[in-house]
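Structure, as structure tokens:
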Amino acid sequence: MAGKQILGDDPFGTGANPNEAPPPAPPASLRKEEPENAGATAAEPAAEIPPARKARGAGAPRPKPTPEIATPTEYGPSIDHPPAAQHTGLVDEVKQLERSVRDRILPAHAGEHSGERQRMPLEMVWKRWRALAMRDRSDVVDEFGRDPQVASRIEPLLEFLYKSYFRVSARGMGHIPDDGRALIVANHSGTLPYDGAMIMHAVKHEHSAARDVRPLVEDFVFHFPYLGTLMNRIGGVRACPENAERLLEQDQLVAVFPEGIKGIGKLYRERYQLQRFGRGGFIKLALKCDAPIIPTAVVGAEEIHPMLTKITWLAKSVGIPYLPITPTFPALGPIGLLPLPTKWFIAFGEPLYYNAEYGAEGAGDRILVNKLAEQVRNRIQSMIDDLLRTRKSVLFG
Amino acid sequence: MHYLTAHMSAPKKKAARAPKKKALVPRPAFDPEQRVVAITGAYSFIGAELIKRLERDRRFYKVLAVDVRKPTFPMNKTQFHKVDLTLPTADAELAAIWRREGVDTVVHAAYLSSPTHATSWAHELESIGTMHVLNACAECQVRKLVVWSQTVVYGAHPLNPNFLVEEHELRGDKSKSRFVRDKVEAERQVRRFRHENPDSIVTVLRTAATLGPTIRNFATRFFSRAMAPTLMGYDPLMQFVHERDVVDAFVLAVTGDHPGDFNIVGDGVLPYSTILAMMGKLPLPMPHFLAFPLSQALWATQVFDSPPNFLDFLRFLCVADGDKARRVMGFQPRYDVKAIIEDFLGLPAKVESASGLDAAEVVEGGV
């Protein structure tokens with residue numbers, strides 16, 4: 001009889017709290033029959049468990065709906081609710097009524113079985129929707145968020161940019177090791193991070209070991225709506241020492257652009273003049289993780305968006321660091337965002353083994369770190385100058 | 001009669017009454033085979049599941065369940081003590097009980113698993129309640145303290161690295177959410193306690209958003225709805241942990257001695273949009289500059305149960321690194337993110353069979 005009472009009072013099987021049943025007997029006697037009640041309610045949900053859940057393999061032993069071991073319905077988010085004060089009589093009854101009404105309205109309580117129960121009639125629709133939503137994404141991504149399916153979907157676009165649009169010519173590919181960690185350090189330019197994507201594509205398709213490059217993306221791009229997400233799905237990682245270290249510890253190939261945001265925002269007249277290399281974080285990283293530095297020069301990228309000037313006061317209010325003014329951009333609207341089809345050269349230089357020379361403890365020597373950063377910067381600057389000297393035309397190489 | 005056999009054979013009522021006679025007996029020396037564990041928040045998921053596991057474990061002599069509501073499953077060696085941690089004298093009450101029973105391990109799990117509109121009550125329970133528990137622990141010189149925390153204490157911040165280690169700064173206290181701030185406050189108190197009581201073993205377990213077929217919390221409620229809000233252009237990586245793995249971690253922390261903070265997380269991450277797709281939810285895209293005021297209004301009018309700054313978790317990363325728990329505690333989650341979602345949906349999930357920790361082994365360990 002006790003079980004029936006509870007069922008009538010509590011059709012969702014939410015609370016097995018015997019105090020919620022209308023108290024025909026004094027509370028003391030109710031508390032006495034508690035174990036019985038618990039057993040009765042415990043048996044209830046067993047019938048309601050859908051076959052899918054019932055048929056789960058033996059590999060995942062689950063609390064069985066026996067009176068000894070509690071079932072889902074026996075405990076709820078108790079401490080989620082302020083404890084009811086010790087009232088008696090009418091106040092208590094009103095409180096209980098209030099709670100039972102709330103239990104039916106709030107999904108937290110009504111939803112004990114809603115997971116499948118309420119979805120059952122629309123199961124087919126739900127399954128179709130899931131299949132549709134999962135169509136062009138994979139259900140396993142790597143720990144930094146690279147989604148192989150999204151990456152392969154973007155591949156044709158990158159291929160087009162690489163082969164036909166920028167006609168990239170990559171040299172010095174032999175300087176990139178076939179396995180093991182390395183740090184590609186390159187100049188940065190071009191308002192949007194095309195250079196990172198092109199370096200990734202070059203190493204993936206022209207290197208003998210077809211390695212994946214993980215470019216470190218500065219915060220501004222990484223948290224830019226859509227763009228940052230896309231960069232993340234195809235392999236970009238937010239630039240911070242912890243992430244870079246983790247990648248290098250996994251023997252991955254990491255690309256860094258130490259010029260950072262200053263490099264992206266270079267004006268046309270400042271093209272190919274390397275900016276300050278941050279605070280030398282990449283040197284610390286190379287020393288600490290024993291990774292060779294591969295100085296890399298990208299030529300052609302600095303002319304794709306010939307920025308004449310930039311407006312900062314307006315842009316700050318929108319949340320971007322500056323608003324670029326190019327011959328085409330605000331004038332032609334969105335078409336102005338198309339990059340110029342310049343001819344690109346990417347040159348990978350000889351690896352620099354600083355760790356062998358200075359050891360991991362060199363990372364603590366700030367003067368040394370700055371000196372080495374300046375050395376790498378000069379190296380890349382001279383590689384750029386070499387490429388510029390042999391280049392005859394911006395558009396045709 | 002040997003008191004253990006007396007306890008085992010006596011019916012429940014007598015067992016509960018028996019220790020009261022030895023109220024004035026001084027606390028016995030620590031015996032690894034005769035341990036007494038006190039659990040606050042015994043009615044909550046973690047408390048209840050932990051009690052069930054300790055009930056089956058013969059290394060533990062007695063379990064003291066502390067909560068305002070009595071757990072509803074039958075208990076043999078568990079004594080229930082009704083103590084309201086929000087009351088001003090809760091610490092003295094706890095200390096009296098624990099000293100009398102000779103508690104050597106305290107598991108403090110009396111925290112909220114979802115935000116509530118009763119913010120001042122929540123503050124009393126989480127922050128002041130922790131203070132009471134810590135006072136009582138210091139008073140009784142408890143050998144070990146295990147505290148439940150959540151990875152939300154790190155806060156979703158644009159400057160977070162992809163994997164937050166335990167030593168990372170807790171940015172959650174900068175958030176406007178009382179829910180997160182109270183948890184950070186509690187953690188700071190625990191840190192101070194650890195500093196002041198170097199002899200105690202203090203373990204903090206920070207669990208990620210916990211999903212599973214039986215647990216009910218903010219995350220399960222959020223993912224039970226047919227629709228879920230998304231912020232246009234943002235798609236952060238997320239991680240979960242399975243309810244069974246959480247209980248495993250607590251059992252590990254109670255049975256072994258592992259001082260320090262540990263992230264208890266499942267393997268693998270997935271983008272938020274992929275999680276919604278796998279669960280078959282309808283995404284509700286909103287620009288973030290509209291979503292924040294809207295959610296603020298819905299929270300203020302109590303239509304929604306998530307404070308507005310929870311949208312940060314849909315915008316920025318808050319993923320913790322579970323490596324330390326694996327290395328130091330030997331905690332090996334059985335469910336990876338995909339299996340957790342499948343199990344939550346009620347689909348047959350593929351579970352790691354070759355896991356470092358076998359529940360049966362831990363429960364029956366060496367007995």
Side-chain angles (χ1 to χ4, degrees), chain A residues 16-17 34-35 38 50 52-53 55-57 59-60 62-63 67-72 74-83 107-109 111-112 114-116 126-127 129-130 133-134 137-141 143-145 147 219 223-229 232-233 237-238 240 242-243 246, chain B residues 41 43-45 48 52 67-74 84 110-114 116 118 121 125 158-159 161-163 165 213-214 216-217 220-221 224-225 232-235 237 244 268-271 273-274 276-280 282 288 305 316-317 338 343-349 351 353:
Chain A
N17 189 351
E34 197 171 279
R53 184 170 281 182
R56 203 180 285 106
R62 198 155 297 294
E68 277 104 65
I69 304 171
T71 55
E74 287 191 13
Y75 44 84
S78 71
I79 51 173
D80 286 2
H81 302 288
H109 306 279
E112 290 291 344
S114 69
E116 291 90 4
W126 180 66
K127 278 192 173 155
W129 166 252
R130 277 189 73 197
M134 287 304 291
R137 57 177 85 236
S138 28
D139 52 8
V140 177
V141 300
E143 61 170 34
F144 284 96
D147 186 330
D219 284 343
H223 294 304
F224 201 85
Y226 296 105
L227 180 66
T229 305
N232 189 224
R233 289 300 159 272
V237 175
R238 200 194 136 241
C240 70
E242 295 94 336
N243 285 351
R246 198 176 169 102
Chain B
Y43 194 90
S44 67
F45 174 81
K52 284 179 212 162
D67 206 323
V68 291
R69 269 207 240 175
K70 192 176 179 189
T72 45
F73 51 89
D84 187 347
Y111 291 100
L112 301 185
S113 59
S114 353
T116 165
W121 171 78
L125 175 66
L159 297 183
N162 272 51
F163 290 92
V165 292
T214 61
R216 294 289 163 256
N217 59 24
T220 57
R221 225 171 308 151
S224 295
R225 301 193 182 102
M232 287 163 83
Y234 293 95
D235 193 9
L237 300 170
R244 286 189 60 209
V269 289
L270 273 180
S273 62
T274 304
L276 293 186
M278 280 179 82
M279 292 192 179
L282 204 62
H288 64 268
D305 58 351
F316 301 120
L317 272 174
K338 198 179 156 193
D343 197 38
F344 175 63
L345 293 177
L347 304 173
V351 183
S353 50

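Residue numbers begin at 1 in each chain, while the letters A, B, ... track the order of the sequences.
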Please flag which part of [X] lies under 4.5 Å from any non-hydrogen atom of chain A: side chain, backbone, both or neither.
X	result
S273(B)	both
L282(B)	both
L237(B)	side chain

Exercise for the section: Over all heavy atoms of both residues, which pair between V141(A) and P271(B) is shortest? Give the atoms and the distance, please. Expected result: CG1-CD, 3.8 Å
Problem - Engaged part of D139(A) at the chain B interface, taking heavy atoms whose separation is under 4.5 Å - result: both
Problem - Residue, of R137(A), M134(A), E242(A), that accumulates the most heavy atom pairs under 4.5 Å with chain B - result: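 Ranked by contacts with chain B, first place is R137(A).
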Handout entry: Aromatic contact, H223(A) with Y234(B) (centres under 6.0 Å)
Key =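 Ring-ring flag for H223(A)/Y234(B): false, centres at least 6.0 Å apart.
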Handout entry: T274(B) side, atom OG1; D147(A) side, atom CG - distance, nearest 0.5 Å
Key =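 Spacing of OG1 (T274(B)) from CG (D147(A)) equals 6.0 Å.
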Between the side chain of [X] and the main-chain N/O of [Y], is any donor-acceptor distance below 3.5 Å?
X	Y	value
W126(A)	M279(B)	yes
R238(A)	L317(B)	no
N162(B)	N243(A)	no

